[in-house]
Amino acid sequence: MAHPWWHNVVVYQIYPRSFMDSNNDGMGDLPGIISKLDYLAQLGIDVIWLSPVFKSPMDDNGYDISDYEDIAPEFGTLADMDRLIAEASKRSIRIILDLVVNHSSDEHPWFVSARQSKDSPYRDFYIWRQPKADGSPPSELHSYFGGSMWELDEATGEYYLHQFSKKQPDLNWDNPAVPEAVHAMMNRWLDRGIVGFRMDVIDLIGKDVDRGIFARGPKLHDRLQAMNQATFGQRDALTVGEAWSADTEEAKRYANPNGNELSMVFQFEHIVIGWDPEHGKWKPRPFNLVELKQVFAKWQTELHGQGWNSLFWNNHDLPRAVSKYGDPGHYRVRSAKMLAIALHLMQGTPYIYQGEELGMTNVQFDSVDDYQDIETRNLYAERVAAGHDAAEMMAAIHENSRDNARTPMHWDASEQAGFSQNQPWLKVNPNYREINVAQCLEDPGSVFYCYQKLIKLRKAHDVIVHGDFELLLPDHDKVFAYLRTDPTNTMLVCTNFSAESVTVQLPEPLLNRQGECLISNLEERTILDNNLTLAPYEAFVIRWEKTPE
Ligand code: GLC
Ligand code: CA
């Protein structure tokens, strides 16, 4: 059976406001992206996931859409969007858009009308409930961005539901007019030339509010199947569902190979194991490699042949990988490459978040006022008011704030990192003079060229895309090593996640056989000794042709 085209692609995520500013207003934009397409072509990526560029009051940087059919003026125009699609296509790059349909903006005409009167034809596009007898919200639910999930609408005397900010009212998917409108909108974008969607918090659209079920609601999969049939199902699209709640069983439903829902899931089990079970990301737990390996191995083996996963360390909501899992001080370049190698040789579709290919790091602003992210600001205010220690909150922000990923892209060593000639909407990371695209392109040993090579390897070696996975040394707390095999190849991936040298014993059949070093971040290795000593953050990959027995 022919495999879908998106099995061997690499996706690059662009956060438009931070990528490239073409008109020096401090805000990235579509013409800015177009001007950097040659750079992306040089990296070798196949698909761009474009974070939202639609009209929006930008309460959550565009994840609050007030017009799904138009572009936010700060980002450009529909004509710019058409040009982006065409210019990308000339370079064999396809574009997927961020589909944010769990909620809209409160400034979307649907909501503006809905809140005007209970008789509005759009009233039922949103989720309204009566106050309790004492006037308080219908339930105690807490929104992700702080405060209640319910907001009182004074004019009509009812509360509306918002799982995120109060400017992001949840759409009512129980009303058939909602999917109908969403599907029509999706088809218009597909007709315009995009090849699919990244689906924002898509696991929330099947909710059953009165039973308190939000993620993985009872109607979720029916709704995805209906969406598939009404829109991208016949179009050979790439669709990826953001699903914080997915376990492997659930993922097999979303991304089942018969293709009646989505192409793949984007799930976070490897991320949330680093968070406190009760306090979440604002109380990070120490990194535990053994646990991380268990999670990776589980997803690799359970989805093999039965689903399709995304591979990522980073996105616009997460801290920078090299700061989280590597050593941004002593071994920045080496550990960034190690992380890339460890991730990209597994099965699934790799995602690179802008700047990851340079080894960009977290930022540490002294004042919370320098942070722009609504989640960071709201949660800081809420928790400090509730008695949490402010210094501890700042430390958690330095570690996990979403703005770590959102500081402007580093293009060169000039003022504002070559992102803009003006003060950007969010300050640049002060380390841009050492870490930037111009520097990376000049240095053959840069993180950039490691990513470039990994993308090429995925196209050249089917064992990376479809081979079996076997975790080696499962209990080792510093080394992540695995095998990928198919009928003609064995590939060993061996990575040291620590700043110490470590000596390990690999399984006997791998020893003393001459192989090909596909990639490494130190010297090449082509043969393994009995006792293999790995340097700090070393990573290498050897491939052997399977010799017939
Ligand atoms: C997703 C997005 C995040 C956004 C949220 C609400 O998790 O990735 O950036 O704030 O949904 O739309
Ligand atoms: Ca601009």
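What you see is a predicted model; the values in this text were computed from it and never measured. Read the numbers this way: they start at 1 and go in the same order the structure lists the ligands and their atoms.
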*asked:* For Phe111 together with Trp128, are the ring centres under 6.0 Å from each other?
replied: yes
_Please tell me whether Ser401 and Asn404 have a donor and an acceptor in their side chains that are separated by less than 3.5 angstrom._
no
*asked:* Any heavy-atom pair between the side chains of His162 and Tyr144 that's under 4.5 Å?
replied: no
*For the rings on Tyr351 and Phe266, is their centre-to-centre separation under 6.0 Å?*
yes
*With no hydrogens and no angle check, is any side-chain donor or acceptor of Trp173 less than 3.5 Å from a backbone partner on Val101?*
yes
*Under 3.0 Å from the Ca ion (ligand 2), the protein N, O or S atoms, given as residue and atom*: Asp21 OD1, Asn23 OD1, Asp25 OD1, Met27 O, Asp29 OD2
Would you tabulate the polar-atom pairs, meaning N/O of ligand 1 against N/O of the protein, with distances under 3.5 Å, reported to 0.1 Å?
| from | atom 1 | to | atom 2 | distance (Å) |
| --- | --- | --- | --- | --- |
| ligand 1 | 7 (O) | Glu242 | OE1 | 3.2 |
| ligand 1 | 7 (O) | Glu242 | OE2 | 2.9 |
| ligand 1 | 8 (O) | Arg198 | NH2 | 3.1 |
| ligand 1 | 8 (O) | His316 | NE2 | 2.9 |
| ligand 1 | 8 (O) | Asp317 | OD2 | 2.5 |
| ligand 1 | 9 (O) | His316 | NE2 | 2.9 |
| ligand 1 | 9 (O) | Asp317 | OD1 | 2.7 |
| ligand 1 | 9 (O) | Asp317 | OD2 | 3.4 |
| ligand 1 | 9 (O) | Arg402 | NH1 | 3.3 |
| ligand 1 | 10 (O) | Asp60 | OD1 | 3.4 |
| ligand 1 | 10 (O) | Asp60 | OD2 | 2.5 |
| ligand 1 | 10 (O) | Arg402 | NH1 | 3.0 |
| ligand 1 | 11 (O) | Asp200 | OD1 | 2.9 |
| ligand 1 | 11 (O) | Asp200 | OD2 | 3.1 |
| ligand 1 | 12 (O) | His103 | NE2 | 2.9 |
| ligand 1 | 12 (O) | Asp200 | OD2 | 2.8 |

*asked:* Centre-to-centre under 6.0 Å for Phe287 and Tyr325, is that the case here?
replied: yes
_Trp313 side chain vs Lys324 backbone, donor-acceptor pair below 3.5 Å_ = no
_Taking the six-membered ring for Trp, are Trp411 and Tyr39 closer than 6.0 Å centroid to centroid?_
yes
*Salt bridge or not for Arg129 and Asp210, using N-O below 4.0 Å?*
yes
